[in-house]
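Written out below as structure tokens is the structure these notes cover.
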Amino acid sequence: MEALPHFFISERVSSLLSRYQQFVQEHLKPLEQGAIYGSFKAHLPALVELRQKAKSEGLFAPHLAVEEGGLGLSLLEFASISEVLGQSPLGHYVFNCQAPDIGNMELMHRFASEDLKAQYLHPLQKGEIRSCFAMTEPEHAGSNPIHLSTQAVLDGDEYVINGHKWFTSSADGAYFTIVMAVTDPDNLNPYQRASMILVPLDNPGYRLIRNIPIMGDVGEDYLSHGEVEFKDCRVPKTNLIGEAGSGFALAQERLGPGRIHHCMRWIGICERVLELTCKRAIARELNPHHVLADQQSIQHGIAESAAEIKASRLMVLQTAYLIEKYGAKAAKEDISTIKFYVSNVLMRVIDKAIQVHGALGITDDTLLSFWYRHERGAKIYDGPDEVHKTVLAKRIIQSYGAR
């Protein structure tokens, strides 16, 4: 692997980091408890106001090009911003670089028609609407995505879509979805059978069945995972994203940068969780003049978390560098590595934090329970850890001469 280059943060990016940190501290953290454990929808007016503030301060949509209303940051530069925003569950949402919207923006920017861009992408980039992505099906193992039952059949100038999806994250309140559907079921190449099609969610053939409870938390609006149905859902064939049969290739285009976004967000969560851990360890007395932070076992746990966070950051930044320089395909082993490594670090750091907080850690009085519930899926979505470990292991074994 090519040696990691010296990462030089320009004065501009360094200044941006401090501004984002200040914004998160002053404006987002005070809203967190109510928006996360109360009603997210009730907090939408305040969050919309903060989005306008982010725009007025020149901080909105940092991932977009300047001509599209963003800051024109590279993937590597945005990674550092993403870590800061990840320290609040509201961070990416307020700055309009949240999943799944950011992936849909990148996908449509490269592959959507000009008409679809004008009608859907541009309002999405401005934060005027939200979107979702419908791929996973409850009837099939998500670890083998060539098995899809959802079909889109051409009928004249329209696709007729029928299928059942779930974990269509943020479907509640979204304006449109991009659905993965089989359009050529008889193609000998199973990776050329599916296509991506844009479906506006006011379509009479679409139904949000429910928001799926995540370990008891149903969620709402952006903070939700939808189970959805397409029943004789008709859309113009011009709503096709890219070419027919290119669905899996387009999905791979999303995954490289998407893993950088996720992993840096996870590292941001780890930083915040470690901060909570240290503050709790310092403040919690075991007996007079003797606090948790005096315990060697607590000290070791803090040291291990700090080391794992630092290792994760360097690993993800190197992968972002490789993607920028050589493309996602050339960095596929690195992309697999950061996915399973950082997701495991995330869960270890959160679990240690809960242990340090004791009974408080399993309540909703801190953000730990929210992250523990919702980020456990990090080891499952975007391909389970086992798949990514296999990808890496095969590459390593082959390097020793195995067929």
When you compare the side chain of [Y] with that of [X], does any pair of heavy atoms fall below 4.5 Å?
{"X": "V342", "Y": "H262", "answer": "no"}
{"X": "D157", "Y": "L154", "answer": "no"}
{"X": "C270", "Y": "V273", "answer": "no"}
{"X": "W266", "Y": "S343", "answer": "yes"}
{"X": "D385", "Y": "V387", "answer": "no"}
{"X": "P200", "Y": "Y175", "answer": "no"}
{"X": "L286", "Y": "D294", "answer": "no"}
{"X": "I335", "Y": "K339", "answer": "no"}

(message) Filter on side-chain hydrogen bond (donor to acceptor under 3.5 Å, both in side chains), then keep only pairs touching residues 12-21, sequence neighbours left out; what's left?
(response)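 As it turns out, there is no side-chain hydrogen bond (donor to acceptor under 3.5 Å, both in side chains) pair with a partner in residues 12-21 once direct neighbours are skipped.
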Check: [X]/[Y] side-chain N/O donor and acceptor closer than 3.5 Å:
{"X": "N344", "Y": "K379", "result": "yes"}
{"X": "E128", "Y": "H122", "result": "no"}
{"X": "T238", "Y": "D115", "result": "no"}
{"X": "D217", "Y": "H374", "result": "yes"}
{"X": "Y159", "Y": "T183", "result": "no"}

(message) If you apply the rule side-chain contact (heavy atoms from CB on, under 4.5 Å), what do you find for L76 with L73, and how did you get there?
(response) CA-CA 8 Å; L76 191 56; L73 300 183; over 6 Å; no
Taking every non-hydrogen atom, the tightest pair across [X] and [Y]:
{"X": "L201", "Y": "A174", "value": "CD1-O, 3.7 Å"}
{"X": "Y37", "Y": "D364", "value": "CE1-O, 3.1 Å"}
{"X": "N96", "Y": "Q125", "value": "ND2-O, 3.0 Å"}
{"X": "M180", "Y": "M135", "value": "CE-CE, 3.8 Å"}

(request) Let me know which of E324, Q318, K325 forms a side-chain hydrogen bond (donor to acceptor under 3.5 Å, both in side chains) with Y321. (result)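 Only one option passes, and that is K325.
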Counting neighbours of [atom1] on [X] that are heavy atoms of other residues, nucleotides or ligands and sit closer than 6.0 Å, is the number greater than 12?
{"X": "Q296", "atom1": "CD", "value": "no"}
{"X": "K394", "atom1": "NZ", "value": "no"}
{"X": "R373", "atom1": "CZ", "value": "yes"}
{"X": "F111", "atom1": "CZ", "value": "yes"}
{"X": "L188", "atom1": "CG", "value": "no"}
{"X": "Q299", "atom1": "CD", "value": "yes"}
{"X": "Q33", "atom1": "CD", "value": "yes"}
{"X": "E49", "atom1": "CD", "value": "no"}

Does the distance from a Lys or Arg side-chain N to an Asp or Glu carboxylate O, for [X] and [Y], drop under 4.0 Å?
{"X": "R210", "Y": "E227", "answer": "yes"}
{"X": "E158", "Y": "K237", "answer": "no"}
{"X": "E229", "Y": "K165", "answer": "no"}

Going by atom type alone, with no hydrogens or angles, which donor-acceptor pairs under 3.5 Å involve a side-chain atom of residues 80-90 and a protein atom two or more places apart or on another chain?
from, atom 1, to, atom 2, distance (Å)
S82, OG, H92, NE2, 2.7
E83, OE1, R313, NE, 3.1
E83, OE2, R313, NE, 3.3
E83, OE2, R313, NH2, 2.9
S88, OG, E32, OE2, 2.7
S88, OG, L90, N, 3.1

(message) Once side-chain contact (heavy atoms from CB on, under 4.5 Å) is applied, do any residues pair with A65, and if so which ones, sequence neighbours excluded?
(response)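 Applying side-chain contact (heavy atoms from CB on, under 4.5 Å) to A65 gives E67, E68.
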(request) Take K279 and E275 through the test salt bridge (charged side-chain N to carboxylate O under 4.0 Å, His left out) and record every step on the way to the result. (result) CA-CA 6 Å; K279 288 181 176 179; E275 175 190 337; 2.9 Å; yes
Taking atom [atom1] of [X] and atom [atom2] of [Y], what is their separation to the nearest 0.5 Å?
{"X": "T150", "Y": "H164", "atom1": "OG1", "atom2": "NE2", "answer": "9.0 Å"}
{"X": "L346", "Y": "C263", "atom1": "CG", "atom2": "SG", "answer": "9.5 Å"}
{"X": "M105", "Y": "L124", "atom1": "CE", "atom2": "CG", "answer": "4.0 Å"}

(request) Under the side-chain contact (heavy atoms from CB on, under 4.5 Å) rule, what do I36 and L223 come out as? Steps first, then yes or no, please. (result) CA-CA 8 Å; I36 298 305; L223 293 178; 3.6 Å; yes
(request) Check the pair R193 / D186 against salt bridge (charged side-chain N to carboxylate O under 4.0 Å, His left out), numbers first and verdict last. (result) CA-CA 7 Å; R193 292 173 183 165; D186 299 323; over 6 Å; no
(request) Please say whether the positively charged group of K389, taken as NZ for Lys or CZ for Arg, lies over the ring of F340, i.e. under 6.0 angstrom from the six-membered ring centre and within 45 degrees of the axis. (result)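 Relative to the ring axis of F340, which defines the angle, K389 lies inside both limits.
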Are [X] and [Y], when compared by the centres of their aromatic rings, separated by less than 6.0 Å?
{"X": "F78", "Y": "H261", "result": "yes"}
{"X": "F40", "Y": "Y93", "result": "yes"}
{"X": "F95", "Y": "H63", "result": "no"}

(request) Could you check D172 against K41 for salt bridge (charged side-chain N to carboxylate O under 4.0 Å, His left out), going step by step and ending with a plain yes or no? (result) CA-CA 10 Å; D172 183 9; K41 287 183 178 179; 3.8 Å; yes
(message) Between K53 and E57, is the salt bridge (charged side-chain N to carboxylate O under 4.0 Å, His left out) condition met? List the steps.
(response) CA-CA 6 Å; K53 184 174 180 60; E57 294 186 9; 3.0 Å; yes
(request) Evaluate side-chain contact (heavy atoms from CB on, under 4.5 Å) for T366 paired with R280, printing each intermediate quantity in order. (result) CA-CA 11 Å; T366 77; R280 175 68 171 179; over 6 Å; no
(message) So, using side-chain hydrogen bond (donor to acceptor under 3.5 Å, both in side chains) as the criterion, who are the partners of S149 when residues are at least two apart?
(response) H140
(message) Tell me every residue that passes side-chain hydrogen bond (donor to acceptor under 3.5 Å, both in side chains) with R254, counting only those two or more places apart in sequence or in another chain.
(response) N104
(request) List for me each residue that meets ring pair (Phe, Tyr, Trp, His ring centres under 6.0 Å) alongside Y191, sequence neighbours excluded, and say none if there are none. (result) F248
(request) Scan I178, I241, V235 and name whichever one has a side-chain contact (heavy atoms from CB on, under 4.5 Å) with I197. (result)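 With I197 as partner, side-chain contact (heavy atoms from CB on, under 4.5 Å) holds for just one option, V235.
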(request) Determine, stepwise, if the pair K29 / R272 fulfils side-chain contact (heavy atoms from CB on, under 4.5 Å). (result) CA-CA 11 Å; K29 288 184 179 180; R272 178 80 180 278; 3.7 Å; yes
